[in-house]
**Q** 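Sharing a structure below in structure tokens format, with a few things to ask.
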Amino acid sequence: MRYVPYLLIAPFFLLFLVFGLFPMIFNGVVALRHWRLDDPELTGWAGTENFRRLLTDGDFGNALYNTFGIFLLSTVPQLLLALVIASMLNRRLRAQTWWRVGALLPYITPITASTLVFNVFFSRDFGMANWALGLLGIGTETPIDWRADKLHSWIAIATMVNWKWIGYNALLYLAAMQSIPRDVYEASALDGAGPWRQLWRITVPMIRPVVIFTVVLSTIGGLQLFTEPMLFDLNAQTARGGAGGEWQTVAQLVYKVGWKDLNLGYAAAMSWALFLIILVVAALNTLLTNRISGGRR
Amino acid sequence: MSAPSTTEARPRKPGTPPGGRRRTGAYGRAPQDTPAGVGTYLFLAVTTLFAAFPLYWMFVIATSTDEATAQVPPAVVPGDQFLVNLNEVFTLQDVYFAASLVNSVIVATTVTAAVLFFCSLAGFAFAKLRFRGSRPLMLFVVLTLTVPNQLGVVALYIVMGKLGWNGTLLAVIVPGLVTAFGVFYMRQFIVNSVPDELVEAARVDGATTMRIYWSVVLPAIGPALAVLGLLTFVATWNDFQWPLITLNGTDYPTSMVAISDLASGNYVIYRRVLAGAFVATVPLLVVLVIGGRRIVRGIMEGAVKS
């Protein structure tokens with residue numbers, strides 16, 4: 001009966017090897033080959049050709065630029081707001097559970113569905129965003145065309161991302177906040193620290209592991225952004241991310257190169273490059289967050 | 001109308017553990033003990049409104065005529081055209097929406113059931129059985145959590161092609177049958193909630209390992225099964241990128257891909273698209289109503305341990 005435990009854990013390892021690890025490694029092999037869906041004759045080693053092509057590919061550079069732009073516009077406000085909401089939820093509240101479940105509404109909503117709602121929201125002529133901005137006196141002369149340039153499309157997409165993940169991150173922060181010893185707050189309050197000061201000087205440093213965790217999570221998620229930029233396009237199937245690629249992300253470009261241009265080899269090289277970039281950025285962000293949230297006491 | 005500065009904290013809040021010491025006034029208290037003021041409620045009300053609004057507005061447009069999306073100020077009250085719009089979505093010739101919903105149900109329930117079974121089995125083995133290599137193997141499981149699977153997507157497509165699964169639901173179902181997160185989550189729960197003595201006693205009575213799993217472990221991990229089941233169902237139902245790639249061009253994709261098909265073309269009819277999107281969101285709203293409290297707890301527990 002010694003083999004029974006191995007049988008119980010076998011399904012995970014088998015499936016991971018076949019559909020997780022092997023594709024990851026094989027992806028590297030595909031990236032070094034010619035692999036076209038429309039021309040099966042063209043096979044064989046391409047060497048570093050696919051990777052060299054990346055360096056001079058304007059589309060890839062543009063997609064990388066967009067991805068980082070949207071990533072910055074989404075991650076930073078998202079985590080800051082989540083922090084503020086969590087600290088509000090961390091007070092003695094009536095209907096506590098109700099507020100927490102409410103924060104999860106965006107989390108359960110399919111991104112495909114919410115992106116399409118936001119499409120209506122950000123339409124140029126009859127959109128609610130422009131209507132609301134009009135009330136503030138912005139864009140009353142010429143309504144903002146959210147799909148016309150980089151900055152506006154990035155803001156629109158970042159709004160969707162933020163809407164989706166703020167509540168989720170707030171719950172992660174809340175969980176960590178509840179295990180902070182009460183004495184710390186009591187002592188600091190006696191020293192005259194107000195709620196705002198307590199949040200930045202006590203709460204954030206003490207929940208640092210979770211902050212780092214969310215930074216890494218949203219780095220990995222943000223740099224792989226796919227559904228929102230895909231469906232923000234009024235003609236989604238083109239996968240272009242705007243007429244001039246204003247908001248085309250790398251994940252979207254991988255899809256376009258692989259399944260619209262049918263060049264799987266080049267798409268594989270792109271996704272490998274993205275993987276390496278994610279690793280570097282996630283590591284940098286971890287270091288940075290660690291310094292910022294723990295540098296002072 | 002801020003906090004009344006009484007020394008007595010009202011003890012009817014079951015969520016907050018009783019503090020050891022109480023000081024006079026709200027000043028020397030931890031945030032957890034400070035009753036929320038009007039400002040807090042106002043702030044939370046506004047953010048909750050923002051969280052709910054897109055869903056509400058999805059319904060507004062799904063129940064309206066075309067004019068609702070083409071007027072200023074925008075409509076904010078639901079119309080009476082829901083059945084009309086729904087009928088259009090379900091009778092479209094080139095998008096088989098009803099079939100796609102059935103596919104989503106098949107995929108999400110199969111994956112959820114399998115994840116619960118396989119992950120609880122593996123979690124049980126890692127938590128309660130002694131075998132060579134169990135520690136490094138568990139470490140391996142945890143490490144796989146950091147691997148973004150999506151980035152092997154080109155090669156995964158080629159693998160599925162070799163198996164002949166592209167364009168079939170198998171390509172969507174099989175890779176999701178067991179997850180590293182599920183194994184990790186189940187192990188944590190079983191370590192804490194199934195006493196070793198119980199397992200030992202069952203073993204002494206001559207129970208086989210599977211028998212122990214079935215009659216000792218399973219009855220004890222109901223809450224964990226519920227949480228993992230809800231989270232898995234939501235994630236599987238909402239998955240878009242991989243189904244889009246592997247089910248590309250097939251007549252019967254999952255509902256998320258069908259929704260994106262509805263929204264592709266030169267002229268998108270939003271009342272119709274969002275009627276479809278709303279129908280595909282309803283099952284998740286039901287999940288939230290049934291298990292909201294549990295999902296919240298699951299997410300929060302997952303955070304503390306990671």
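Here the structure is a predicted model, which is why all the values come from computation and not from measurement. Residue numbering restarts at 1 for every chain, and letters A, B, ... go by the order of the sequence lines.
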**Q** Before you tell me yes or no, could you show the steps for A:Y185 and A:T203 under side chain to side chain donor-acceptor pair (under 3.5 Å), namely the whole-Å CA-CA distance, both residues' side-chain angles and the distance that decides it to 0.1 Å?
**A** CA-CA 9 Å; A:Y185 287 108; A:T203 310; 2.8 Å; yes
**Q** Which atoms of A:M230 are under 4.5 Å from chain B, going by heavy atoms: the side chain, the backbone, both sets, or neither?
**A** side chain
**Q** Out of B:L230, B:V234, B:T40, B:D239, return the one with the most heavy atom pairs under 4.5 angstrom to chain A.
**A**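 Top count of heavy-atom pairs under 4.5 Å with chain A: B:T40.
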**Q** What part of A:L37 lies closer than 4.5 angstrom to a heavy atom of chain B: side chain, backbone, both or neither?
**A** side chain
**Q** Which bit of B:T179 is near chain A, if near means a heavy-atom gap under 4.5 Å: side chain, backbone, both or neither?
**A**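 For B:T179, the backbone is the part near chain A, not the side chain.
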**Q** Counting heavy-atom pairs under 4.5 Å to chain A, which of B:L244, B:D261, B:L231, B:L177 comes out on top?
**A** B:L244
**Q** B:A280, B:S260, B:A180: which one forms the most heavy-atom pairs within less than 4.5 Å of chain A?
**A** B:A180
**Q** Among A:F26, A:W131, A:F22, A:W98, which has the most heavy-atom pairs under 4.5 Å with chain B?
**A** A:W131
**Q** Can you tell which of B:T144, B:V183, B:T47, B:L151 has the highest number of heavy-atom pairs within less than 4.5 Å of chain A?
**A** B:L151
**Q** For chain A, which candidate among B:V153, B:V159, B:L288 shows the most heavy-atom pairs at distances under 4.5 Å?
**A**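 That would be B:L288.
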**Q** Below 4.5 Å from any heavy atom of chain B, which atoms of A:Y255 appear? Answer side chain, backbone, both or neither.
**A** side chain
**Q** Counting only heavy atoms closer than 4.5 Å, note whether A:V30 contacts chain B via side chain, backbone, both or neither.
**A** side chain
**Q** Give, as side chain, backbone, both or neither, the part of B:L129 having an atom under 4.5 angstrom from any heavy atom of chain A.
**A** side chain
**Q** Do the side chain of A:W165 and the main chain of A:P106 share a donor and acceptor less than 3.5 angstrom apart?
**A**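 Not a single qualifying donor-acceptor pair exists.
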**Q** Looking only at side-chain N and O atoms, does A:S87 offer a donor or acceptor that is under 3.5 Å from a partner on A:Y173?
**A** no
